[in-house]
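Some notes on the structure that comes next.
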Amino acid sequence: MSRRTRERDPADLLDAARQGDRGSLARLITLVEEGGERARAVGRLTFPLAGNAYTAGITGPTGSGKSTLTERLISIIRGAGDEVGVLAVDPSSPFSGGAFLGDRVRMQQHATDEGVFIRSMATRGHLGGLALATPEAIRVLDAAGIPWVLVETVGVGQVEIEIAGSADTTVVVVPPGSGDAMQASKAGLLEAADIFVVNKADRPGAAETRRDLEFMLHLSASDLEWTPPIVMTVASTGDGIDDLWKTIADHRAFLAERGLLEKRRAQRLAEELRHVVSQRVEHLAYERCQGPDFDRLLNDVLERRLDPYAAAARLVDG
Ligand SMILES: Nc1nc2c(ncn2[C@@H]2O[C@H](COP(=O)(O)OP(=O)(O)OP(=O)(O)O)[C@@H](O)[C@H]2O)c(=O)[nH]1
Ligand SMILES: [Mg+2]
């Protein structure tokens with residue numbers, strides 16, 4: 001990246017990104033990761049332009065084949081002539097690099113394709129971590145005019161599910177093996193999934209995993225009109241990928257036809273707004289709990305001149 005790119009302001013970067021300059025796009029996402037005033041400036045610029053990209057989240061346990069599947073989906077999207085952005089998010093790792101080296105290598109076949117933008121995400125300073133930085137990064141890609149955004153999230157914890165669930169279509173990848181389907185259900189993936197993929201269907205136990213999933217879906221069946229389909233794939237050979245793509249398209253059509261896409265996106269924005277508010281309040285609490293005022297009031301509490309509630313009231317209300 002040239003010095004000039006680094007020094008350009010967010011508005012110039014966004015203009016360049018919208019003209020297809022990938023370096024500027026990468027820089028904008030770095031600004032989002034770093035948080036602070038420049039990240040806010042990026043958010044202000046991208047938000048009004050966003051809302052057109054369709055996002056698919058791909059989540060599941062480590063090594064289940066998410067990146068290999070993602071790579072196959074990239075090929076299909078490119079085959080249709082569309083541009084695609086990919087964000088690889090690993091909430092458990094504070095810095096991008098090591099863990100994603102493999103992803104980069106595997107997605108190398110797209111490395112020289114200008115229509116593909118692949119990026120791993122780390123939080124360098126964004127308040128609220130990746131759960132808040134990811135939607136902002138998606139909006140950067142969206143505002144740059146990229147119609148498809150795939151978000152690969154590693155892991156099945158609470159934050160991972162939150163990120164994965166912030167897509168229009170959430171794909172949960174379950175590898176074959178006794179207990180894996182059960183683990184997915186415990187982790188709350190059953191609720192988050194719009195589509196299940198049993199990848200590595202060439203391995204023993206795939207049919208059993210499918211049956212386990214069917215059984216659990218049956219148990220948790222509600223009056224929802226959409227029951228998550230289960231797609232069998234062998235990402236390494238490409239088997240079942242067309243089926244997966246068609247299922248994503250079906251889900252998209254289902255949401256669009258019933259007005260559910262807008263409803264979901266509205267719910268997500270409400271959730272994001274709540275999250276930002278609680279981050280800010282938490283940050284405020286952190287700031288109020290240090291410094292001379294805090295020390296003075298704490299001293300009053302320690303000497304029993306003030307009770308903790310009265311001291312807190314003074315710190316919060318001034
Ligand atoms: N046999 C078999 N191997 C597969 C299949 N899909 C992926 N693999 C292999 O499984 C390994 C892990 O695949 P990845 O795509 O990196 O899995 P991942 O879920 O992205 O892994 P993390 O990002 O580390 O969580 C690689 O060696 C793939 O070649 C499959 O369908 N069958
Ligand atoms: Mg991966």
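All residue numbers in this chain count up from 1 along the given sequence. Just so you know, ligand 1 is whichever comes first in the structure, and atom 1 is the first atom listed for that ligand.
- Within a 6.0 Å radius of CD in Glu262, no more than 12 heavy atoms belonging to other residues, nucleotides or ligands are found.
- Shown in contact with Thr62 at under 4.0 Å from a heavy atom are these atoms of ligand 1, numbered in order with element: 24 (O), 25 (O).
- Here Ser67 meets the criterion, with an N, O or S atom under 2.8 Å of the Mg ion (ligand 2).
- With sequence neighbours excluded, the residues that form a ring pair (Phe, Tyr, Trp, His ring centres under 6.0 Å) with Trp245 are Trp148.
- Both the backbone and the side chain of Val234 come within contact range of ligand 1, each with a heavy atom under 4.0 Å.
- Of all atoms in ligand 1, numbered sequentially from 1 with element shown, those under 4.0 Å from a heavy atom of Arg203 are 1 (N).
- For the pair Arg72 (side chain) and Asp242 (backbone), a donor-acceptor distance under 3.5 Å is absent.
- Glu152 contributes OE2 as its N, O or S atom closest to the Mg ion (ligand 2).
- Less than 4.0 angstrom separates some heavy atom of Ala235 from each of these atoms of ligand 1: 6 (N), 30 (C), 31 (O).
- Considering Glu71, Lys200, Lys66 only, the shortest heavy-atom separation from atom 8 (N) of ligand 1 involves Lys200.
- The shortest side-chain heavy-atom distance between Val116 and Arg78 falls under the 4.5 Å cut-off.
- Residue contacts with ligand 1: Glu152 is included, with a non-hydrogen atom under 4.0 Å away.
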(request) Verify salt bridge (charged side-chain N to carboxylate O under 4.0 Å, His left out) between Asp293 and Arg296, making sure each step is shown before the conclusion. (result) CA-CA 5 Å; Asp293 282 351; Arg296 191 171 39 76; 3.3 Å; yes
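- Ligand 1 has no N or O atom lying under 3.5 Å from any N or O atom of Ala201, backbone or side chain.
- For Thr59 (side chain) and Thr153 (main-chain N/O), a donor-acceptor pair under 3.5 Å exists by modelled atom type.
- Sorted pairs that involve residues 307-318 and meet salt bridge (charged side-chain N to carboxylate O under 4.0 Å, His left out), not counting sequence neighbours, are lacking altogether.
- Residue contact check: Thr68 has heavy atoms under 4.0 Å from atoms 7 (C), 13 (O), 14 (P), 15 (O), 28 (C) of ligand 1.
- Counting only non-hydrogen atoms, the option in Asn199, Thr70, Thr233 that gets closest to atom 6 (N) of ligand 1 is Asn199.
- The Asp202 neighbourhood of ligand 1 comprises atoms 1 (N), 2 (C), 30 (C), 31 (O), 32 (N), with distances under 4.0 Å to a heavy atom of that residue.
- Not one N or O on the side chain of Lys200 forms a donor-acceptor pair closer than 3.5 Å with the backbone of Thr233.
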